[in-house]
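Computation of the quantities below employed the complete heavy-atom set of this structure, encompassing side-chain atoms and omitting hydrogens, waters and symmetry-equivalent molecules. For this chain, numbers begin at 1 and follow the sequence in order. Both counts, for ligands and for their atoms, begin at 1 and track the order of listing.
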Amino acid sequence: MLENEPLAASTTYRIGGPARFLVTPADADDVAKALQLAQDRGLPWLAIGLGSNVLVKDGGFPGVVIRVGKGLDRFEMKGATAIVGAGVATPILARRTAEAGFAGVERFRGIPGTVGGGVYMNAGAHGAEFAEVLTEVTVMDAKGRVRQIARKQISFKYRSSNLGNVIVLEAKLALIEEPPAKLKEIQDKLLRWRKAGTPFDQPNCGSVFKNPGGTRTAGALIDECGLKGYTVGGAQVSTMHANYIVNTGNATASDVLKVIEHVRKTVAKKTGVELELEVKVIGV
Ligand SMILES: Cc1cc2nc3c(=O)[nH]c(=O)nc-3n(C[C@H](O)[C@H](O)[C@H](O)COP(=O)(O)OP(=O)(O)OC[C@H]3O[C@@H](n4cnc5c(N)ncnc54)[C@H](O)[C@@H]3O)c2cc1C
């Protein structure tokens, strides 16, 4: 547990002020202890994974941030069921299940978060999402109580769930047998496609806005409005992919939020579409 620890290093954006406490749990008991600390001190708490879908504000998070990672990284195959800790990185889940000859999450190879964040956000790619393969999730509530929730009790939407005020500890996924060579071929093809269209050389948080439905993606709408390259301070609408706002080196959260506001207003004015945020804005 670290005190007043900058969160920038815990996010793919490399942006964000300090957490009052940053806890890296070694197991589920540590998660419960972190929640107890928050309760004892009357502080808010927040779970994060690899911080690949968050924008932490410059004032940081005035509470306990629980970074779920290595300590919760169980990976087990029981027949076609994968039992996976929330701290397992999603690309590793995709690779290991494919190598074991099971399909269902192979298209998640390029999602740079954790299984916990992926389930909580209903992450997905190339037409597949966590909601389709999840059968059960193990969670801890704010009082440290652990329980299993069956898939049918959870409501998932595009990039969101109704899991609410809980920490995801583990997920059970139902997969289907498929030859490893075929799965590897799919993954290689999708990774090549991603590499060509993602600004991997600049810190970012993936897609900033949700696709609004209809025929045009958020990226296409932003591009149509001529916003590629729009810059405030160190934050810029990527010239490669208009739904990415990249950190060109020394961006603050305030810079990113200004770009977001400008993009939203311009797109609404020119196209009539109100873009909704996919990235989670955290802190003060
Ligand atoms: C280059 C790039 C490409 C991306 N491509 C995609 C893509 O194709 N598809 C896609 O869906 N996303 C994509 N993303 C976004 C991101 O990777 C996913 O949303 C990912 O699932 C987030 O996981 P995380 O562990 O990083 O979560 P974080 O960013 O740490 O957290 C995201 C949200 O989940 C909550 N959360 C995290 N872990 C837990 C937990 N254990 N229990 C409860 N709540 C938790 C957090 O509180 C927060 O609200 C991309 C991001 C980047 C940087």
Going hydrophobic residue to hydrophobic residue with side-chain gaps under 4.5 angstrom, can you get from [X] over to [Y]?
X: I167; Y: V64; value: yes
X: L275; Y: L257; value: yes
X: V84; Y: L175; value: yes

Nearest protein heavy atom with distance in Å, relative to [atom]:
atom: atom 13 (C) of ligand 1; answer: I111 CG2, 4.0 Å
atom: atom 41 (N) of ligand 1; answer: V168 O, 3.1 Å
atom: atom 2 (C) of ligand 1; answer: P112 CG, 3.6 Å
atom: atom 35 (C) of ligand 1; answer: Y120 CD2, 3.7 Å
atom: atom 47 (O) of ligand 1; answer: A47 O, 2.6 Å
atom: atom 31 (O) of ligand 1; answer: V54 CG1, 3.8 Å
atom: atom 9 (N) of ligand 1; answer: G124 O, 2.6 Å
atom: atom 27 (O) of ligand 1; answer: G117 CA, 3.8 Å

Between [atom1] of [X] and [atom2] of [Y], what distance do you get to the nearest 0.5 Å?
X: R159; Y: K280; atom1: CZ; atom2: NZ; answer: 11.5 Å
X: M77; Y: L173; atom1: CE; atom2: CG; answer: 8.5 Å
X: E132; Y: R107; atom1: CD; atom2: CZ; answer: 7.0 Å

Problem - Salt bridge flag under 4.0 Å for residues R192 and D188 - result: no

Problem - Residues E136 and R151 bridged, charged N to O under 4.0 Å - result: no

Within-shell test, [X] vs ligand 1, heavy atom, strictly < 4.0 Å:
X: F108; result: no
X: R194; result: yes
X: V166; result: yes

Examine [X] against ligand 1 and note whether any of their N/O atoms are separated by less than 3.5 Å.
X: F200; answer: no
X: N53; answer: yes
X: G51; answer: yes
X: I282; answer: no
X: L50; answer: yes
X: S52; answer: yes
X: A125; answer: no
X: T114; answer: yes
X: T198; answer: no

Exercise for the section: Would you mind running through ligand 1 and noting each atom that sits below 4.0 Å from a heavy atom of C205? Expected result: 51 (C), 52 (C), 53 (C)

Fill in the blank from the handout: A student checking ligand 1 against G49 at a 4.0 Å heavy-atom cut-off should list atoms 25 (O), 28 (P), 30 (O), 37 (C), 38 (N)

Residue portion contacting ligand 1 (non-hydrogen atoms closer than 4.0 Å) for [X]:
X: E129; value: neither
X: Y244; value: side chain
X: S207; value: neither

Handout entry: Side chain proximity check, S207 to Y244, heavy atoms < 4.5 angstrom
Key = yes

Practice task
Would you indicate whether the side-chain heavy atoms of H126 and R194 approach each other to under 4.5 Å?
Solution key: yes

Handout entry: Atom CZ of R147: over 12 foreign heavy atoms under 6.0 Å
Key = no

Handout entry: Enclosure of E224 CD (heavy-atom neighbours >12, cutoff 6.0 Å)
Key = yes

Exercise for the section: Give me the ring orientation class for H262 and Y230: parallel if the planes are under 30° apart, tilted from 30 to 60°, perpendicular past 60°. Expected result: parallel

Practice task
Check whether the ring centres of F130 and F108 lie less than 6.0 Å apart, and answer yes or no.
Solution key: yes

